[in-house]
Amino acid sequence: MLSIFNSIPTHMDYKGQKLAEQIFQGIILVSAAIGFIYGLIIEQFGWTVYIVLAGFMVSCVLTLPPWPMYRVNPLSWQPAIPETTGESVQKPQESIKKKKHK
């Protein structure tokens with residue numbers, strides 16, 4: 001059963017994140033403007049809130065899941081460097097920490 005969840009893609013590339021943010025902000029801005037104008041015309045603030053909340057819900061459905069349109073530009077990672085056998089390579093941070101404790 002858990003293998004079904006492992007097959008669902010959960011990543012989004014950087015350009016996809018930017019696109020999702022722009023879509024989210026655009027929908028919120030448009031729904032806020034429509035809600036304000038509609039609420040002003042009928043003189044009911046409650047309708048303004050309902051329209052903004054509906055815009056928020058729509059934007060969440062469109063931007064929170066990692067849809068395929070947000071995964072068009074995957075990152076190309078550098079190949080892994082094989083470790084040398086026999087001796088362990090010490091990180092520079094570790095050598096600095098050891099010197100401070102002496």
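Because the structure is predicted, anything quoted here is derived from the model rather than measured. Excluded from the calculations below are hydrogen atoms, water molecules and symmetry mates; all remaining heavy atoms, backbone and side chain alike, are included.
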Between [X] and [Y], is there shared hydrophobic-cluster membership here, with clusters defined by ILVMFWY side-chain heavy atoms closer than 4.5 Å?
{"X": "I51", "Y": "I41", "answer": "yes"}
{"X": "V30", "Y": "I37", "answer": "yes"}
{"X": "Y14", "Y": "W77", "answer": "yes"}
{"X": "W67", "Y": "I23", "answer": "yes"}

Got a sec: does the CE of M57 have more than 12 other heavy atoms crowding it under 6.0 Å?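 No, because the 6.0 Å sphere around CE of M57 holds 12 heavy atoms or fewer from other groups.
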Shortest non-hydrogen contact from P65 toward C60: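 The answer is CD-O, 3.6 Å.
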Using every non-hydrogen atom in the two residues, find where R71 and M12 come nearest and quote the distance to one decimal.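 The answer is CG-CA, 4.2 Å.
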How many angstroms lie between [atom1] in [X] and [atom2] in [Y], if you round to the nearest 0.5 Å?
{"X": "T48", "Y": "I34", "atom1": "OG1", "atom2": "CD1", "result": "11.5 Å"}
{"X": "Y70", "Y": "L62", "atom1": "OH", "atom2": "CG", "result": "6.0 Å"}
{"X": "I27", "Y": "T63", "atom1": "CD1", "atom2": "OG1", "result": "7.0 Å"}
{"X": "Q17", "Y": "Q22", "atom1": "CD", "atom2": "CD", "result": "12.0 Å"}
{"X": "S59", "Y": "L64", "atom1": "OG", "atom2": "CG", "result": "7.5 Å"}
{"X": "Y50", "Y": "Q44", "atom1": "OH", "atom2": "CD", "result": "9.5 Å"}

Could you check whether any side-chain N or O of N73 sits under 3.5 Å from a backbone N or O of K15, counting only pairs where one atom can act as donor and the other as acceptor?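 No, because the side chain of N73 does not come within donor-acceptor range (under 3.5 Å) of the backbone of K15.
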Keeping D13 on the side-chain end and L75 on the backbone end, is there a donor-acceptor pair under 3.5 Å?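 No; zero donor-acceptor contacts below 3.5 Å.
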Mind checking side-chain contact (heavy atoms from CB on, under 4.5 Å) for L29 and listing every partner two or more places apart, or none if nothing turns up?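 Once residues adjacent in sequence are excluded, L29 has no partner under the side-chain contact (heavy atoms from CB on, under 4.5 Å) criterion.
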Hydrophobic clusters join Ile, Leu, Val, Met, Phe, Trp and Tyr when side-chain heavy atoms are under 4.5 Å apart, directly or via other members; which others share one with F56?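 Members besides F56, by chain and number: F24, I28.
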